[in-house]
K.L.:
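Have a look at this one.
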Amino acid sequence: MSETIGFIGLGNMGAPMAGRLITAGYSLVVHDARPEAARPLRARGATWATSPAELAAATQTVITILPTSREVREVLLGPKGLLEALRPGSLVLEMTSADPSATRELAGEVAARGSALIDAPVSGGVRGAVEGTLAIMVGGDPALLERARPVLTAMGRNVFHVGPIGAGHAMKLVNNMCSGGILALTIEAVAVAARAGVDPARAVEILQASSGRSNASDNKFPRFILNGGFDAGFAIRLMMKDLDGYGRLAQEAGVPSPVARAATEIYRLAMARGMAEQDHTAIARLIEEWAGVSLRAQGGIA
Amino acid sequence: MTRIGFIGVGTMGLPMATNLVKKGFRVTAFDSNPEAVRAATAAGMTAAATAAEAVATADVVVTMLPSSPHVEAVYTGDGGVLAAARRGILCVDMSTIDPAVSQRVARAAQERGVRFIDAPVSGGTPRATEGTLAIMVGGAAADVEEARPVLAAMGTNVIHVGAVGSGEVVKLCNNLIAGVVGVAVSEAFRIAEGFGMDPRVVTDVISKSSGNTFLMGFMHPVPGLVPTAAASHEYRPGFMTDLMCKDLGLAVEAARNLRVPLFVTPAAQQVYRLASSHGLGRRDFTSVYAFLKPSSSQAPV
């Protein structure tokens with residue numbers, strides 16, 4: 001396979017995703033605001049583009065995965081942006097965890113220039129990106145998804161069509177609200193168990209076998225909290241952005257969201273405590289502090 | 001006499017503009033709702049077919065609109081106030097909106113040689129009708145002084161609080177407190193009643209204790225305790241639940257941008273949202289008390 005893919009955004013997620021594409025046999029043209037981020041991929045044969053416009057000239061399939069909608073807008077519409085040079089009939093796969101209404105607007109700008117943008121945010125963390133097992137949620141024309149499917153399946157195991165343009169990004173916010181909210185709740189509840197005399201590791205083991213089971217009990221606690229690692233690879237500030245995105249989405253949709261709002265503020269409190277760059281599982285430290293209890297496994301992890 | 005172009009003659013704008021007419025101002029009114037314009041004509045104002053027409057002959061422009069996007073569109077949109085206004089004219093926006101939007105519109109106005117101040121109000125429809133609103137004004141001191149006679153025709157407390165946008169900041173903080181207190185007083189009285197207490201007695205005691213609030217004195221959520229309160233009139237607004245929801249949303253959004261952790265405000269906002277989902281959106285916000293009705297004591301718990 002020698003199709004060329006343009007890849008913009010080589011951060012924690014983007015770099016290993018781009019690596020999967022090289023493994024699958026694609027040729028890559030890459031760009032990032034920090035040129036040094038491209039070094040490992042260039043060592044594996046990727047070509048460097050000095051700007052999104054230069055990248056657009058070399059390919060008709062472009063992937064963007066950036067911190068927020070603001071950077072996506074800059075990459076598409078800014079000086080030397082993609083839209084200055086994107087050839088008609090190109091396809092942009094927008095994989096950022098972005099704001100659905102901003103995505104719909106940008107898709108309109110791309111369509112006005114004879115190309116298409118679909119949203120395809122991912123879930124599964126750095127490990128899912130490295131292993132190529134991400135869940136990918138696609139919003140947009142199903143025919144465009146079919147065109148992109150070989151590229152997407154090189155990065156993810158589950159590729160879902162969610163609905164029209166923006167639906168992927170909406171679903172991503174919904175997922176992260178569930179992920180972040182349930183995590184905060186489970187940490188709080190395990191802290192209560194610990195104060196009631198239960199070994200946190202034992203509490204988690206019981207949750208795993210009971211109706212309170214979730215990704216927090218099965219995955220986050222054993223891998224990142226009980227061992228004090230706090231290295232799931234998703235910073236509090238990024239979770240904050242998605243939780244606030246969910247809050248706006250709920251407001252636009254006119255759905256009351258009292259539970260989500262309360263959980264969201266736990267993360268904002270962590271931000272205020274200077275924890276913005278720490279991993280999102282580190283909100284456990286905050287809850288440990290105010291509960292006066294440790295959530296490390298007492299007798300090692302089963 | 002000063003000629004006023006008044007844009008937005010709805011629930012609040014109409015009684016406010018009517019007070020201007022009563023004090024002898026010549027008012028030309030525009031509203032996107034033709035029925036509101038007809039009501040304005042009946043109250044002695046001249047009808048305008050467009051915002052631009054209302055502004056064309058005015059010395060002072062007053063706007064009273066539902067939300068930030070409305071204000072931005074009316075001022076900076078096609079055929080908007082800034083396009084039609086004469087240079088040097090003074091615009092007074094009395095809507096409750098995001099302070100950042102006030103500042104943005106003020107900058108756009110300045111570029112066109114138009115002066116802009118923000119002057120949101122507190123007091124709801126009853127005090128708008130009496131002409132006794134509290135008005136919090138943000139803008140250059142000279143502009144505020146020039147607007148003062150106009151504002152004094154609509155409110156008794158006209159307070160210059162700072163630079164442009166700062167009227168909105170104070171308004172947003174005030175409504176945050178009123179909104180949270182509306183839920184708090186309602187919850188407290190539901191509990192007291194659950195214990196079989198007479199709400200009148202509870203009110204008398206609390207009004208002399210640390211829990212005393214303006215809301216309990218003038219807008220008591222329990223029906224029948226304050227004769228002029230919305231609660232005593234089937235929760236006719238007053239200040240609608242949906243608008244309280246909107247204002248608390250402005251506070252939540254501002255806190256997001258300022259990175260302030262906020263627990264009680266979003267919770268209160270969601271209670272109003274739930275009340276709205278239960279059909280109380282267009283009632284007075286104190287109808288949250290009705291929303292908090294307990295389940296039957298016969299029901300199993």
Side-chain angles (χ1 to χ4, degrees), chain A residues 67-70 97 99 101-102 104-105 173 176-177 180-181 184-185 188 235-278 280 282-283 285-287 289-290, chain B residues 66-70 72 97-98 100-101 172 175-176 179-180 182-184 186-187 240-283 285 287-288 290-292:
Chain A
T68 71
S69 287
R70 197 184 322 150
S97 289
D99 173 51
S101 51
R104 283 192 291 271
E105 193 190 322
L173 294 176
N176 279 19
M177 185 69 243
L185 174 64
E188 181 183 301
I236 286 174
R237 68 181 168 80
L238 294 175
M239 179 64 89
M240 188 80 253
K241 176 200 77 169
D242 289 351
L243 301 183
D244 280 339
Y246 173 91
R248 286 193 197 93
L249 188 64
Q251 176 131 344
E252 283 167 23
V255 178
S257 55
V259 178
R261 298 305 172 104
T264 298
E265 297 309 311
I266 303 295
Y267 290 87
R268 200 172 334 271
L269 204 54
M271 295 276 292
R273 297 285 291 274
M275 298 169 72
E277 297 299 335
Q278 292 186 33
H280 70 292
I283 61 160
R285 289 181 170 140
L286 194 67
I287 294 172
E289 188 187 317
W290 70 52
Chain B
S67 71
S68 303
H70 289 98
E72 216 155 24
I97 60 167
D98 181 348
V101 172
L172 181 151
N175 280 24
L176 181 160
V180 167
V183 177
S186 297
E187 290 182 352
M240 286 191 290
T241 302
D242 282 345
L243 289 176
M244 181 55 90
C245 214
K246 176 205 112 181
D247 286 4
L248 293 179
L250 289 176
V252 169
E253 187 61 30
R256 263 182 202 153
N257 294 331
L258 299 167
R259 302 185 174 203
V260 179
L262 217 61
F263 285 85
V264 176
T265 309
Q269 188 205 12
Q270 295 306 314
V271 176
Y272 288 111
R273 190 161 275 287
L274 284 165
S276 180
S277 299
H278 284 73
L280 297 168
R282 303 186 67 79
R283 302 292 186 91
F285 75 101
S287 66
V288 70
F291 169 67
L292 294 170

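Quick note on labels: first sequence line is chain A, next is B, and so on, each numbered from 1. All values below were derived from every heavy atom in this structure, side-chain atoms included, with hydrogens, water molecules and symmetry-related copies excluded.
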K.L.:
Give me the atom names and distance for the closest heavy-atom approach of Leu292(B) to Ser186(B).
P.N.:
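Closest pair (atom of Leu292(B), atom of Ser186(B), distance): CD1-CB, 3.8 Å.
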K.L.:
Which atoms of Val259(A) come close to chain B, meaning under 4.5 Å heavy atom to heavy atom: side chain ones, backbone ones, both, or neither?
P.N.:
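Neither; nothing under 4.5 Å.
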K.L.:
Quick check: closest heavy atoms across Leu176(B) and Ala251(B), and the distance to 0.1 Å?
P.N.:
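Answer, listing the atom of Leu176(B) first, then Ala251(B): CD1-CB, 4.0 Å.
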K.L.:
Which residues pass the side-chain contact (heavy atoms from CB on, under 4.5 Å) test with Ala263(A), sequence neighbours left out?
P.N.:
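Per chain and number, Ala263(A) pairs via side-chain contact (heavy atoms from CB on, under 4.5 Å) with Met177(A).
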K.L.:
Go through the atoms of Val260(B) and report whether side chain, backbone, both or neither lie under 4.5 Å from a heavy atom of chain A.
P.N.:
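Backbone of Val260(B) only, per the 4.5 Å heavy-atom cut-off to chain A.
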K.L.:
Leu274(B), Val271(B), Leu262(B): which one forms the most heavy-atom pairs within less than 4.5 Å of chain A?
P.N.:
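The option with the most such pairs is Leu262(B).
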K.L.:
Which value, rounded to the nearest 0.5 Å, describes the distance between Ile97(B) atom CD1 and His70(B) atom NE2?
P.N.:
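The distance works out to 12.0 Å.
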K.L.:
So, taking the atom named CE in Met271(A) and the one named CD1 in Ile283(A), what distance separates them when rounded to the nearest 0.5 Å?
P.N.:
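Separation between the atoms: 13.0 Å.
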K.L.:
Once you round to the nearest 0.5 Å, how far does CD1 of Ile236(A) lie from CD1 of Ile266(A)?
P.N.:
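Reported value, rounded in 0.5 Å steps: 11.5 Å.
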K.L.:
Please list every donor-acceptor pair closer than 3.5 Å that links chain B with chain A, giving the two atom names and the distance for each.
P.N.:
| from | atom 1 | to | atom 2 | distance (Å) |
| --- | --- | --- | --- | --- |
| Glu253(B) | OE2 | Arg248(A) | NH2 | 3.4 |
| Arg256(B) | NE | Asp244(A) | OD1 | 3.3 |
| Leu262(B) | N | Glu265(A) | OE1 | 2.9 |
| Gln269(B) | OE1 | Arg261(A) | NH1 | 3.3 |
| Gln269(B) | NE2 | Gln251(A) | OE1 | 3.3 |
| Gln270(B) | OE1 | Ser257(A) | N | 2.5 |
| Gln270(B) | OE1 | Ser257(A) | OG | 3.4 |

K.L.:
By a 4.5 Å heavy-atom criterion (distance strictly below it), what part of Ala272(A) contacts chain B: side chain, backbone, both, or neither?
P.N.:
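Answer is side chain: those atoms of Ala272(A) sit under 4.5 Å from chain B.
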K.L.:
What is the minimum heavy-atom distance between Ala268(B) and Leu248(B), and which atoms define it?
P.N.:
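Closest approach of Ala268(B) to Leu248(B), heavy atoms only: C-CD1, 4.1 Å.
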